[in-house]
Amino acid sequence: MTDAQGHPQPLSDDLAFFGRISAGVTHELNNVVSIIEQVTGLLEDQLYSANAGGTLDVDKLQSVHDRIMTQIDRGVELIHNLNRFSHTVDEAERDTDLNELMAILSVLGRRFAALKNVSFDVSLSTASIIVRCSPYRLLEAMFAVELTALTTMNPDDQLTLAMIHESGRAGIRVTGGTFDNLSDSMELSRAQAILAEMNGELQLLDDDTFGQKIEIWLPATVITDVF
Amino acid sequence: MDKPRVLLIDDEEELVHTLVERLAYRNIEAVAEMDGHSALERITTEQFDVVIADLKMPGLSGMEVVEILRERYPHVKILLITGHGRLDEEIEMDIEGVHEVLIKPFKIDNLVASIHQALAN
């Protein structure tokens, strides 16, 4: 399937999103495996050198161990969140804690920020924020907002996503970029369309504290003092 | 023959530093940079026989580094490394001047062989 210019087209926008996320995460997992391969290889080099009459440095062995464990932890975190992401397609609609989706976004979305040298700060809420929605579609909208915001940002900027809530509704505030030229963004329009399906909305706003911000709002049940 | 000097460029810091250590065991002097701009700055003050760059990095991509190297340092041999399972057609078509593309994860022996083959060309 190709467009008028002959460029390959994905099967659907929803599948394209799944593909984009899984491609990004597996790319990062590939890096994790590559590092483990080389660090264990380094251990082999050190053992070979010791067997050939050199010395075996305990500090270096400890360093190899620590480096492998760091990558295992990184890999486990990625796999865990990719699994959670994959299960968001299980039900077309369910009560979803927005914290759960933000936690997935914080891990799976950081690579996109890292590729722009932008630091990525996602803060969860101490309240339990329950939204009736397709968790997959809401994540799709959240990623679209992240990726659109990143297009406005420069290296060393910080993109911040924070949860916000008030009586009967809750959402996400995105700050750190210059968003005033985004009104024609196709990605943002897509996010808006997804949110509208959930009776939610997306706003581009000026803010005294943050300069400019994008806010997502959805009807929600907010349960405070859960921790 | 002097030890070959290799410049490794990859934003995966742990990977490039480990490769530097492993190449030292194989009589290859390697140094690491984590992005294309720092690497290009370094190559203005140091001599390298081979540059090994990751295809996808923040800032300058591996292909952009290749283009600059081909123009300014045509004597330097270039290898690319990538975690992509498939190379896009446009990259394959535009890969002139690159000795080889290694797919991660790769064996150190394959990397060493590629370095020596590039130097022999």
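- For B:Glu46, the CD atom is densely surrounded, since the number of other residues' heavy atoms within 6.0 Å is greater than 12.
- With rounding to the nearest 0.5 Å, the separation of CD in A:Gln38 from CZ in B:Arg22 is 5.0 Å.
- Within a 6.0 Å radius of CD in A:Gln203, other residues, nucleotides and ligands contribute more than 12 heavy atoms.
- Here the side chains of B:Phe106 and A:Glu37 are not in contact, with every heavy-atom distance at 4.5 Å or above.
- Interface residue A:Ala114: only backbone heavy atoms are found under 4.5 Å from chain B.
- Going from atom CG of A:Leu43 over to atom OG1 of B:Thr18 covers 12.0 Å, rounded to the nearest 0.5 Å.
- Atoms CG and CD, on A:Asp45 and B:Glu21 in that order, are 9.5 Å from each other to the nearest 0.5 Å.
- Of the atoms belonging to A:Gln71, it is side-chain heavy atoms, and not backbone ones, that fall under 4.5 Å from chain B.
- Residue contact with chain B, scored on non-hydrogen atoms closer than 4.5 Å, involves the side chain of A:Ser49 exclusively.
- With chain B as partner, the option from A:Arg67, A:Gln46, A:Glu44 having the largest number of non-hydrogen pairs under 4.5 angstrom is A:Arg67.
- No option in A:Ile35, A:Val33, A:Asn31, A:Val32 other than A:Val33 meets the side-chain contact (heavy atoms from CB on, under 4.5 Å) test with B:Pro105.
- If you measure heavy-atom distances from B:Leu15 to chain A, the contacts under 4.5 Å come from both the backbone and the side chain.
- A 6.0 Å sphere centred on CG of A:Asp156 holds no more than 12 heavy atoms belonging to other residues, nucleotides or ligands.
- For B:Gln117, the CD atom counts as densely surrounded, since its 6.0 Å shell holds more than 12 non-hydrogen atoms of other residues, nucleotides or ligands.
- The backbone N or O of B:Lys104 lies less than 3.5 Å from a partner atom in the side chain of A:Asn30, making a donor-acceptor pair.
- Other residues, nucleotides and ligands contribute more than 12 heavy atoms inside 6.0 Å of the CD atom of A:Glu201.
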